Number of protein chains: 2
Amino acid sequence: MAGHRLDPIDRKILAELQADGRMTNVELAKRVGISAPPCLRRVRALEEQGFIKGYHADVDARELGFEVQVFVMVGLQSQAESDLRAFEGRCRDWPLVRECHMLNGEVDFILKCAAPDLSTFQSFLTGQLLTAPNVASVKTSLVIRGAKDEPGVPFDVLEERLSRSA
Amino acid sequence: MAGHRLDPIDRKILAELQADGRMTNVELAKRVGISAPPCLRRVRALEEQGFIKGYHADVDARELGFEVQVFVMVGLQSQAESDLRAFEGRCRDWPLVRECHMLNGEVDFILKCAAPDLSTFQSFLTGQLLTAPNVASVKTSLVIRGAKDEPGVPFDVLEERLSRSA
DNA sequence: CCTGAAATGAAAGGCCA
DNA sequence: TGGCCTTTCATTTCAGG
């Protein structure tokens with residue numbers, strides 16, 4: 001299992017920075033129980049090794065005028081690898097598409113989209129997505145309201161697993 | 001339309017902090033073209049007003065041993081408001097459920113789940129989700145691979161809209 | 001509402017244990 | 001490795017335009 005190169009202090013650092021990514025290094029050091037310099041060295045190492053991929057402010061989309069959030073299920077005609085890649089590349093180029101995941105089962109991709117209003121989304125849908133090559137089926141579901149939106153990973157579950165396998 | 005209390009500098013601050021939430025305030029001030037003290041005041045105000053909901057390190061789930069990501073479509077028997085709320089509350093209590101959104105259309109909720117392996121997810125599915133009150137239908141889709149996962153909101157789209165309506 | 005300066009406090013590097 | 005010391009730089013407050 002992965003995550004084994006990490007000791008409990010590293011995991012605590014990751015959990016703390018996932019919860020508050022703008023914490024100062026001295027605050028972080030205090031919370032994980034070591035002094036600041038080694039703490040900073042650990043953070044840098046975690047960034048280098050790719051355990052931390054970045055830091056992001058969590059902005060309120062609705063407050064900013066992005067009232068509409070939509071999940072879109074996409075089926076393709078051809079599932080050849082090159083065609084899958086081509087569709088993924090298009091998704092990366094569409095700013096309204098925030099997430100694109102390839103799925104198993106009847107549908108090929110799920111997209112999470114954000115738009116200022118319904119008509120902006122509709123014109124993206126009809127003008128870009130539905131007319132893109134190889135797109136066979138599209139099913140959209142508007143988000144009525146969000147009930148939970150946690151970033152990252154549940155560290156409690158991780159710690160519980162590690163203590164069981166120890 | 002919302003976002004109107006924000007001037008171009010505020011929007012630039014949000015865009016920069018969304019891209020790099022751990023940037024120092026002086027670096028941020030330099031990028032948005034003002035000096036550090038007013039920049040910090042603006043950031044604090046944006047936090048107070050709820051435009052910035054938090055800061056999070058983006059940790060690599062796979063590296064940490066969360067190999068499995070699953071989208072789950074849930075239909076309920078009763079869509080009475082109290083029953084919807086009850087289900088949302090349960091989702092908030094389940095650590096493997098990272099996101100829960102209420103949808104329009106045939107399905108009631110979409111969940112995004114993370115788990116260390118398939119058997120952990122299966123036991124959550126059969127032991128928790130399928131046996132929860134009021135759950136009528138559950139359809140799961142494993143994520144084969146992720147193609148795009150951008151946090152937040154496309155600020156280019158926002159700026160383009162504002163310049164058109166100006 | 002901003003700039004600029006001054007004091008406090010944090011980041012980052014060297015070095016020893 | 002972690003801890004301590006020192007320098008450098010950032011944060012924060014305050015005076016003033």
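Just so we're clear, the structure is a prediction, and the values are computed from it rather than from any experiment. Note on naming: letters A, B, ... go to the chains in the order of the sequence lines (proteins, then strands), and numbering restarts at 1 for each one.
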Peer 1: Using whole Å, what does the distance between atom P of nucleotide D:dT1 and atom CD1 of A:Ile13 come to?
Peer 2: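 That distance rounds to 12 Å.
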Peer 1: So, applying side-chain contact (heavy atoms from CB on, under 4.5 Å) with B:Phe109, which one of B:Leu103, B:Val74, B:Val138, B:Val72 is it?
Peer 2: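 With B:Phe109 as partner, side-chain contact (heavy atoms from CB on, under 4.5 Å) holds for just one option, B:Val74.
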Peer 1: Take a 6.0 Å sphere around CD of B:Glu81 and say whether it holds more than 12 heavy atoms from other residues, nucleotides or ligands.
Peer 2: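 Atom CD in B:Glu81 is crowded, with more than 12 foreign heavy atoms closer than 6.0 Å.
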Peer 1: Using 4.0 Å as the upper bound for N to carboxylate O, is an ion pair formed by B:Arg92 and A:Asp149?
Peer 2: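 No.
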Peer 1: Can you check the B:Met23 CE to C:dA11 C1' distance for me, whole Å?
Peer 2: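 After rounding, the reported distance stands at 17 Å.
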Peer 1: Are B:Leu130 and B:Val107 joined in one hydrophobic group, where the rule is that I, L, V, M, F, W and Y side chains link up if heavy atoms are under 4.5 Å apart?
Peer 2: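 No.
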Peer 1: Will you find, in the side chains of B:Tyr55 and B:Glu47, an N or O donor that is under 3.5 Å from an N or O acceptor?
Peer 2: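 Yes, a side-chain donor-acceptor pair sits under 3.5 Å.
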Peer 1: Listed in order of residue number, which residues of residues 26-50 of chain A have a non-hydrogen atom at under 4.0 Å from DNA chain D?
Peer 2: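 Of all residues in residues 26-50 of chain A, the ones placing a heavy atom under 4.0 Å from DNA chain D are A:Ile34, A:Ser35, A:Pro37, A:Pro38, A:Arg41, A:Arg42.
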Peer 1: Assess whether a salt bridge exists between A:Arg31 and A:Glu16, defined as any Lys/Arg side-chain N lying under 4.0 Å from an Asp/Glu carboxylate O.
Peer 2: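 The answer is yes: the pair qualifies as a salt bridge.
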Peer 1: Would you call the rings of B:Trp94 and B:Phe124 parallel, tilted or perpendicular, where under 30° means parallel and over 60° means perpendicular?
Peer 2: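 Plane angle over 60°, so perpendicular.
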Peer 1: To the nearest 10°, let me know how far the axis at one end of the helix from C:dC1-D:dG17 to C:dA17-D:dT1 is tilted from the axis at the other, five pairs an end.
Peer 2: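 That helix has its two terminal axes inclined by roughly 30°.
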Peer 1: Apart from B:Leu40 itself, which Ile, Leu, Val, Met, Phe, Trp or Tyr residues share its cluster (side-chain heavy atoms under 4.5 Å, direct or through members)?
Peer 2: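 The other cluster members (ILVMFWY side chains, heavy atoms under 4.5 Å, direct or chained): none.
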